[in-house]
Amino acid sequence: MAATAKGPLAGIRVIEFVGLGPAPFAAMQFADMGADVIRVARPGAVATLPDPISGRGRPTVEADLKAPDEADMVRQLVDRADALIEGFRPGVMERLGLGPEPMLERNPRLVYGRMTGWGQTGPLASHAGHDINFIAITGALAAIGPADRPLPPLNLVGDFGGGAMFLVSGMLAALLSAQRTGTGQIVDAAICDGTIQLMSMAHDLAASGGWRAERDANLLDGGAPYYGTYACADGVHIAVGPIEPQFFELFRQAVGLDASAHALRADPRNWPVLKEQIAALICTRPSAEWLALLEHSDACVSPVLDLHQAAKHPHLVARENFIELDGLTQPAPAPRFSATPTEARARPHDLLPLTDAVSMWSN
């Protein structure tokens, strides 16, 4: 596997202790970028893992970490690894004898990535939680949804944005540091920590007086009539986002809004009136007509597509944003590299014996 891997991380070895959600997604990013990743799962777990796509590009070994001989073989893998990813509750890896202190003692260059919701410390650290809980205490959930209630934005903001991607960026920074200094370290990536970072622009707006605590009342939360979705005559929604005045002017002329719309958009107190005017115009024509008129202009109008429709959109097809792998249509690796292009590798369908994994990384 290492000999055929492509991408900027080719030659980097990563151990992934199999979990759910953000940790395997982070491991997929490493694998897509060419790292040699081996997944370690508990016996019998592989058949039940719901990750036919995010589990791609890396073999899996099953190991009973409470069995001394198998745990010792896993430690041998860690000895030869550049990085480790685990997403268990604080203390689990320590109880297994695989915590960061003994692993860094064995392998001083190791980057030990820890993915949790609450973090390794704090009064909630030992408690269960999910994306909705983690983003709830950060201010993110309160800002998303219609005026009458918050709505969870899938698990994009917490698990994957605030969690997995901060784990990846933190581990990459630690790997660079380890290359320079010869010293590894622990990367404590908590979903609540990363989500707060993602809210930086909202904090900017709040600090400058441009943020209201109510939902559906701000520039980017659906409050602005020129940044939201509208239903067409066929019931299909289009996304409208001409924030800048010059783009809004193109949109205004195309849909037939009166020139007074500029004055209405300038005062948030008038936004409900302008929103009603736009909605009344958009619902008079089917989505295909509006898109033919507006999608290929600077009016900032796009179709609202589901997962299957997105895979067929001409722009995404042209950029090859979706690939066929393992018989499944799935997202292509991102971002793109000019000198060391990434490549999504098929998921090995057979378990790799633990002894073979140790032998494979013996050199």
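Predicted model only: the values in this text are computed from it and were never measured.
The side-chain heavy atoms of Leu77 and Leu354, taken from C-beta on, include a pair separated by under 4.5 Å. Residues Met103 and Leu98 form a side-chain contact, since some pair of their non-hydrogen atoms from C-beta on lies under 4.5 Å apart.
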Using residues 220-230 as the side-chain source, report each donor-acceptor pair under 3.5 Å to any protein atom, sequence neighbours left out, with the distance given to one decimal.
from: Asp221; atom 1: OD1; to: Ala217; atom 2: N; distance (Å): 3.2
from: Asp221; atom 1: OD1; to: Asn218; atom 2: N; distance (Å): 2.7
from: Asp221; atom 1: OD1; to: Gly223; atom 2: N; distance (Å): 3.1
from: Asp221; atom 1: OD2; to: Asp216; atom 2: N; distance (Å): 3.0
from: Asp221; atom 1: OD2; to: Ala217; atom 2: N; distance (Å): 3.3
from: Asp221; atom 1: OD2; to: Asn218; atom 2: N; distance (Å): 3.4
from: Asp221; atom 1: OD2; to: Asn218; atom 2: ND2; distance (Å): 3.1
from: Tyr230; atom 1: OH; to: Pro225; atom 2: O; distance (Å): 2.6

Expected list for residues 185-201: side-chain donor-acceptor pairs under 3.5 angstrom, two or more places apart:
from: Thr195; atom 1: OG1; to: Ile191; atom 2: O; distance (Å): 2.8
from: Ser200; atom 1: OG; to: Gln197; atom 2: O; distance (Å): 2.6

Determine whether Arg13 and Asp82 satisfy the following criterion, salt bridge (charged side-chain N to carboxylate O under 4.0 Å, His left out), listing intermediate values before the conclusion. CA-CA 5 Å; Arg13 290 174 169 176; Asp82 299 288; 6.0 Å; no
Evaluate salt bridge (charged side-chain N to carboxylate O under 4.0 Å, His left out) for Asp64 paired with Lys66, printing each intermediate quantity in order. CA-CA 5 Å; Asp64 181 356; Lys66 295 181 181 179; over 6 Å; no
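A cation-pi contact, defined as under 6.0 Å to the ring centre and within 45° of the axis, is absent between Arg80 and Trp361. Figure legend: cation-pi geometry between Arg39 and Phe17 absent, as NZ or CZ is not positioned both under 6.0 Å from the six-membered ring centre and within 45° of its axis.
Applying the 6.0 Å contact sphere to CD of Glu324 captures more than 12 heavy atoms from other residues, nucleotides or ligands. The 12-atom threshold is exceeded at CZ of Arg336, counting heavy atoms of other residues, nucleotides or ligands nearer than 6.0 Å.
At a cut-off of 3.5 Å, with distance as the only test, a side-chain donor of His349 or Asp326 sits close to an acceptor on the other residue. Side-chain contact check for Asp32 and Thr342: no donor-acceptor pair (N or O, by modelled atom type) lies under 3.5 Å.
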